[in-house]
2 protein chains.
Amino acid sequence: MSRRRVTIDDVAKLAGVSYQTVSRVINNKPYVSETTRQRVQEVIAETGYRPSPIARSLVTARTATIGLVVPDISNPYFSAIARGVEQVAYSKNYNVLLCNTGEDASRELEVLHALDERYVDGVIVCGLREEDALLQEALVHFRAAVLVNRRFADETIPAIVVDDVLGGYLATQHLLQMGHTAVGFIAGPTTSYSGAKRLQGYEKALTEAGLERQIDWVQHCPPTVVGGQLATQTLLANHPEITALFCYNDLVAVGALRDCAAVGRRVPQDMAIVGYDDIMLATLVSPPLTSCHVPRVEMGSQAVSMLLNCINNETDRCDEIVVTPELVVRASTMGVDTAVSVKQTAVLPNRAH
Amino acid sequence: MSRRRVTIDDVAKLAGVSYQTVSRVINNKPYVSETTRQRVQEVIAETGYRPSPIARSLVTARTATIGLVVPDISNPYFSAIARGVEQVAYSKNYNVLLCNTGEDASRELEVLHALDERYVDGVIVCGLREEDALLQEALVHFRAAVLVNRRFADETIPAIVVDDVLGGYLATQHLLQMGHTAVGFIAGPTTSYSGAKRLQGYEKALTEAGLERQIDWVQHCPPTVVGGQLATQTLLANHPEITALFCYNDLVAVGALRDCAAVGRRVPQDMAIVGYDDIMLATLVSPPLTSCHVPRVEMGSQAVSMLLNCINNETDRCDEIVVTPELVVRASTMGVDTAVSVKQTAVLPNRAH
DNA sequence: ATCATATATGTGAACGCTCACAATATCATT
DNA sequence: AATGATATTGTGAGCGTTCACATATATGAT
């Protein structure tokens, strides 16, 4: 089909120089006279020569490729991160290898193993469920790695995290400020790192308001619409006194919304609901959801920047970026339909040393 | 950091055989005695040896990697396809290189070029906007390519397409059966291949019902919520006689829903709305949207199967799979909230020779 | 014992590049 | 005119595999 590939030797021969000189031109290295450089470049243009990244990788031990591990790319939360990752990776001439784990912890290790075999220069890993020790053992093989939304206890691996304690706090505080005193938490998966953080924020807000936290008011569930709906059903059946719900994410919140619709509870009059992540869906359901906005695309971009810093051993490497979530108030907690941003401060990363 | 890589020679030495024998074991080739095979495998296990895919690629000219080009991975339509692609690619030990084009036609060529340089074994390209000639010129470099949702005039490149004429027909027919006679079409981008197909189906249904198609009842727009909302606003301002809308996709349909809400038109009583694609969102808005279901994950899986067939020159290669959409009726066109599948036939691909 | 045949193993080369170093050319200094 | 520094070019080797072929050993029929 396609004729034989043009090699560096072909170019060298045609330009009447050694292959090494051609290599110098390609890589913009010094010690090439202007005239030869031009001649070589002409030949390259004429022949349409493209250096083989594979041959290059074989000797440089770099692939200009990074791995992106997500639980499920069709989940809007992760696809937004992926967008950010792809965007800046591409702009820096890196390619992105995509891997789904399907929310399966053991698949995480499997996938990392596969990426390792592929010699990626680094990995960005999101939404991990597997244990610290096993993950660390798997991640140590990589030249560089960045975690998204998780921190290891010993903080060995750089990470970009959302300040979920703050998020949980803001969400709960808002509900308390709206006059609610019985606030439930539909808490997502028990294994979720961020879920645990949000729970802390939730508790903090309650404590601060002088309210006792009721163990029973926290209900775990899968992070899906159906999960949220069932959890809400269960929780409200056992505790009809609850008048407000803080939800693990927007999908869960939509589930809560549906359960309320099903049993005839009006939102926000009979039940106030706050979601998390602020995915597009939050603005489109009715009533639109109050939600904690998380800048996902930016998180993806920043993760790549961190990673490339590590890969290239730049001086300004940092090992943690904390992203500040922002509560966006909509009709699911207030009588009005207009979105109001309670915290108007810019979402700037806090760089740690 | 990590100690020197284990090579095939190391294994050979330790097992007391030649590197070629080790290679045979790795690749499950014949002509290795059972005893040596075992010995080699033991050494491989002990040393944790992994063959270098790069060195292998250099000689085999295969990378076990496929490229996936999408306009925007954060668009739920494409992320679902990506999911399907990744799933079966991974199961066949292929990796997926992800590329966004950002709905930018010239980026499509750029990205394909980049993938070509990376020596991917094949590409799957979705939602192309660029002209036939340019794309064909770019795609000819690949060992294999599969298009999703587009066909070239000369049918040179295998493709997986939705029967959008049928989809448009089913959607429109449904609206006509519900008693509407003034059915508008919010048609999406003018450059969309599938948009053109759906328009044909729309016209076909009208013609069949003996209705004259009104040029003015078709309004193009960007394939977004806002695009749909504005287009609806414009269309209904000019043609208040319209009582039903067929929309290019679900996002556009949600836009239509919003415009109706804004101007106080009740759905479905004053305005019936049909979307397309049946993304999750369609079930979550209120009223839930009647929509044309497109099996996106399956399309992704099948695209990979087609591609791998081409790459490996399997005998049963085919160059077109037509996927049948299915109308899912929900409350946006009927008085009831229960979803009803009008066409219950299984969604099976029609294989063309 | 002899030869053909099948099985088992080994050797040189190549894939297309970059690295480390060697060789030559250029030019100002002494 | 010889010296040394600096710019420019070239050479050999190697990255870690697989391919094509050569060789050795075992099996079975004559």
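Residue numbers start from 1 in every chain, and the chains themselves are labelled A, B, ... in the order their sequence lines are given, proteins ahead of strands.
For the 3.5 Å distance criterion, the side chains of B:Asp121 and B:Thr63 qualify, holding a donor opposite an acceptor. A:Asn95 and A:Thr65 share no donor-acceptor pair across their side chains, judged by distance under 3.5 Å alone. Between the side chains of A:Gln87 and A:Ser301, no donor-acceptor pair is found at a separation under 3.5 Å. A donor and an acceptor atom, one from each side chain of A:Ser106 and A:Glu130, are nowhere located under 3.5 Å apart. Using modelled atom types and a 3.5 Å distance limit, the side chains of A:Asp10 and A:Tyr19 yield no donor-acceptor pair.
Per the geometry, CD1 belonging to B:Ile8 stands 12 Å off C1' belonging to D:dC19, to the nearest Å. Straight-line distance from the CZ atom of A:Arg56 to the C1' atom of D:dG14: 17 Å, rounded to whole Å. Nucleotide C:dC17 holds its C1' atom 8 Å from the CG atom of A:Leu58, rounded to whole Å. The distance from atom CD1 of B:Ile54 to atom P of D:dT17 is 11 Å, rounded to the nearest whole Å. Nucleotide D:dA26 holds its C1' atom 17 Å from the CD atom of B:Glu34, rounded to whole Å. One can place OH of A:Tyr31 at 15 Å from P of C:dC21, the figure rounded to the nearest angstrom. Across the protein-nucleic acid pair, B:Arg24 atom CZ and D:dT17 atom P stand 16 Å apart, rounded to whole Å. One can place NZ of B:Lys29 at 11 Å from C1' of D:dT17, the figure rounded to the nearest angstrom.
Nearest nucleotide to the A:Ser33 side chain, out of D:dT11, D:dT9, C:dC15: D:dT9. With D:dT18, C:dG16, D:dG16 as the candidates, the nucleotide lying closest to the side chain of B:Thr60 is D:dT18.
Contact annotation for B:Ser57: no contact, since no heavy-atom pair falls under 4.0 Å across all strands. As judged by a 4.0 angstrom heavy-atom cut-off over every strand, A:Asn27 is placed among residues touching the sugar-phosphate backbone only. Counting any heavy atom pair closer than 4.0 Å across all strands shown, B:Arg37 reaches no nucleic acid atom. Residue B:Arg62 is out of contact with every strand shown, counting any heavy-atom pair closer than 4.0 Å. Residue A:Tyr49 is classed as a sugar-phosphate contact, given heavy-atom separations below 4.0 Å to backbone atoms only.
Sequence order on DNA chain C of the closest nucleotides to A:Val22 and B:Gly16 puts B:Gly16 first from the 5' end. Position along DNA chain C of the nearest nucleotide to B:Ala55 versus B:Ser18 favours B:Ser18 as the more 5'-ward residue. Toward the 5′ end of DNA chain D lies the nearest nucleotide of A:Tyr19, the other residue of the pair A:Tyr19 and B:Ser52 mapping further downstream.
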Residues 40-53 of chain A side chain polar contacts: donor-acceptor under 3.5 Å, at least two apart:
| from | atom 1 | to | atom 2 | distance (Å) |
| --- | --- | --- | --- | --- |
| A:Thr47 | OG1 | A:Val43 | O | 2.8 |
| A:Thr47 | OG1 | A:Ile44 | O | 3.3 |
| A:Thr47 | OG1 | A:Tyr49 | N | 3.4 |
| A:Arg50 | NE | B:His113 | NE2 | 3.4 |
| A:Arg50 | NH1 | B:Glu117 | OE2 | 3.0 |
| A:Ser52 | OG | A:Ile54 | N | 3.3 |
| A:Ser52 | OG | A:Ala55 | N | 3.1 |

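The side chain of B:Thr21 contributes no N or O atom lying less than 4.0 Å from OP1 or OP2 of C:dA8. Of the side-chain N and O atoms in B:Thr36, one or more sit less than 4.0 angstrom from OP1 or OP2 of C:dT9.
Between B:Arg129 and B:Glu108, no side-chain nitrogen of the basic residue sits less than 4.0 Å from a carboxylate oxygen of the acidic one, so the salt-bridge criterion is not met. Between A:Asp116 and A:Arg143, none of the side-chain N atoms (NZ, or NE/NH1/NH2) sits under 4.0 Å from a carboxylate O, so this pair counts as no salt bridge.
Comparing the helix axis at one end of the helix from C:dA1-D:dT30 to C:dT30-D:dA1 with that at the other, each defined from 5 consecutive pairs, gives an inter-axis angle of 50° (nearest 10°).
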